[in-house]
2 protein chains.
Amino acid sequence: MDDLDRRIINELRLNGRATYAELGRQVGLSASAVHERVGKLESSGVITGYHATVDPSSIGLGVTALVGIQPSDNAEDNEVAVKLGELVEVESCWAVAGDEAFVVKVRVPTVDELERTLGRLRRIDGVARTRTTVVLSTRFEGRPNTATAE
Amino acid sequence: MDDLDRRIINELRLNGRATYAELGRQVGLSASAVHERVGKLESSGVITGYHATVDPSSIGLGVTALVGIQPSDNAEDNEVAVKLGELVEVESCWAVAGDEAFVVKVRVPTVDELERTLGRLRRIDGVARTRTTVVLSTRFEGRPNTATAE
DNA sequence: GATGCGGCGGTCCAAGTCGTCCACGCGCAG
DNA sequence: CTGCGCGTGGACGACTTGGACCGCCGCATC
């Protein structure tokens with residue numbers, strides 16, 4: 001992973017649909033060379049995917065919340081994480097330090113649906129309590145951090 | 001926004017580099033028709049971008065934390081949010097209900113750097129206290145929620 | 001109820017660009 | 001010298017992208 005790789009990655013983080021030819025122009029390589037480098041970055045697990053980002057409220061997901069998951073005494077973290085992953089409305093799941101086992105981000109259409117989701121979360125084996133923080137507005141999200149990448 | 005749009009969006013959320021021809025095959029339209037639909041989805045703000053997702057530790061960002069931002073009494077939220085956005089290590093920023101004004105997700109190379117980042121956060125005008133939750137592992141993140149999208 | 005019309009949204013087509021593969025060249029280490 | 005890593009350039013099929021055209025639907029008119 002050299003400087004050229006970092007520049008390619010950076011470009012792809014900003015514009016995931018950039019063509020190889022375009023990337024080549026940006027970094028001063030032929031499209032073939034870029035193609036090969038990107039292929040290696042993908043197969044070595046540095047680039048894990050490409051995704052369109054969508055305005056959540058446009059697709060009927062206007063309510064976001066961060067939920068801390070307090071485990072019960074006998075909880076097995078990995079099992080709980082799998083169960084959390086089975087709920088489609090759970091978009092992200094972080095295992096954290098502190099008295100909560102996980103913090104998850106959920107995205108649902110309405111507060112009614114949020115209530116139902118919290119019910120589903122509490123019903124998971126190993127979940128003792130939940131602590132919900134409602135998101136009022138998302139100022140920005142998933143911004144590419146290029147601190148070390150360029 | 002009809003069912004075809006939703007299927008196209010869904011596909012692009014899973015594979016942001018899908019070609020128009022490919023999308024056309026999936027949904028049963030010509031590439032031209034898909035091209036036009038995607039163009040409209042982009043210009044109407046439903047699709048806000050395309051991004052490669054990168055394994056953070058591969059690019060030297062091995063430490064993640066969620067930080068609650070408690071505002072000082074005279075804080076002006078919008079100004080604080082702008083300042084938060086100026087720190088590249090702040091990847092996401094949500095304005096939340098509760099006694100914290102924001103929760104941000106930061107991504108840094110090391111815990112040393114985390115300490116420095118927390119210092120920078122506290123030095124922002126309008127920030128009284130921070131409450132940091134260190135992420136031990138990211139189980140999943142930014143997963144496309146297709147609950148209403150398909 | 002027919003008829004005509006206009007716009008939306010699709011197909012088809014064609015020119016240009018791009019992706020993808022392969023042969024080859026260059027620099028370098030063993 | 002040889003092999004290897006990594007690049008270039010070329011070739012060809014696939015894709016993009018815009019335009020011409022067409023069918024359908026709703027609507028106003030007769």
Side-chain angles (χ1 to χ4, degrees), chain A residues 1-62 109 142 144 146-150, chain B residues 1-62 109 142 144 146-150:
Chain A
M1 157 107 64
D2 60 8
D3 189 58
L4 286 174
D5 280 335
R6 274 184 282 270
R7 285 168 63 195
I8 291 170
I9 289 171
N10 215 30
E11 196 54 39
L12 282 173
R13 291 226 281 173
L14 296 170
N15 175 15
R17 280 182 87 81
T19 64
Y20 294 118
E22 209 171 320
L23 293 169
R25 272 177 243 124
Q26 297 254 354
V27 303
L29 284 182
S30 66
S32 316
V34 174
H35 185 236
E36 191 172 340
R37 278 171 178 266
V38 172
K40 284 178 186 170
L41 289 169
E42 288 169 358
S43 58
S44 68
V46 176
I47 295 176
T48 58
Y50 304 90
H51 306 281
T53 57
V54 174
D55 173 41
S57 63
S58 292
I59 55 168
L61 297 172
T146 57
T148 66
E150 55 186 339
Chain B
M1 156 106 65
D2 59 6
D3 189 57
L4 285 173
D5 280 333
R6 275 183 281 271
R7 283 168 64 194
I8 291 170
I9 289 170
N10 215 29
E11 195 54 39
L12 282 173
R13 292 226 281 172
L14 296 169
N15 175 14
R17 279 182 87 82
T19 65
Y20 294 119
E22 208 170 319
L23 293 169
R25 270 176 245 125
Q26 298 253 353
V27 303
L29 285 182
S30 67
S32 311
V34 173
H35 184 238
E36 193 171 338
R37 277 173 178 265
V38 171
K40 284 179 185 171
L41 289 169
E42 288 168 357
S43 59
S44 68
V46 177
I47 295 176
T48 57
Y50 304 89
H51 306 280
T53 57
V54 174
D55 173 40
S57 62
S58 293
I59 55 169
L61 296 172
T146 57
T148 66
E150 56 186 340

Q: If the sugar-phosphate is the primed atoms plus P, OP1 and OP2 and the base is the rest, what is the B/S/- string for nucleotides 13-29 of chain C, using protein heavy atoms under 4.0 Å?
A: B----SSSB--------

Q: State plainly whether the residues B:Arg37 and B:Asp2 are in salt-bridge range, i.e. N to O under 4.0 Å.
A: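 Looking at B:Asp2 together with B:Arg37, the answer is yes, because their closest N to O distance falls below 4.0 Å.
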
Q: Considering non-hydrogen atoms only, spot the tightest contact between B:Val27 and B:Leu4 and give its length.
A: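 In terms of heavy atoms, the two residues are closest at O-CD2, 3.6 Å.
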
Q: Rounded to the nearest 0.5 Å, what's the gap from CG on A:Leu23 to CD1 on A:Ile9? Could you check?
A: 11.5 Å

Q: Between A:Lys40 (NZ) and D:dC4 (P), how many Å, whole number?
A: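 Taking NZ of A:Lys40 and P of D:dC4, I get 14 Å after rounding.
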
Q: Counting C-beta onward and ignoring hydrogens, is there a side-chain heavy-atom pair between B:His51 and A:His51 closer than 4.5 Å?
A: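 They are not in side-chain contact.
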
Q: How close or far is atom C1' of C:dG9 from atom CD of B:Glu36, stated in whole angstroms?
A: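 Rounded to the whole Å, the gap is 7 Å.
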
Q: Nearest whole angstrom, please: distance from the P of D:dC15 to the CG of B:Leu23.
A: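 Rounding to the nearest Å, CG of B:Leu23 and P of D:dC15 are 11 Å apart.
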
Q: Taking NZ, NE, NH1 and NH2 as the nitrogens, is one of them in A:Glu11 or A:Arg7 under 4.0 Å from a carboxylate oxygen of the other?
A: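 No, no charged N to carboxylate O under 4.0 Å.
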
Q: Between the side chains of B:Glu42 and B:Tyr50, does any donor sit under 3.5 Å from an acceptor?
A: yes

Q: For B:Leu29 and D:dT16, give me the distance from atom CG to atom P, rounded to whole Å.
A: 14 Å

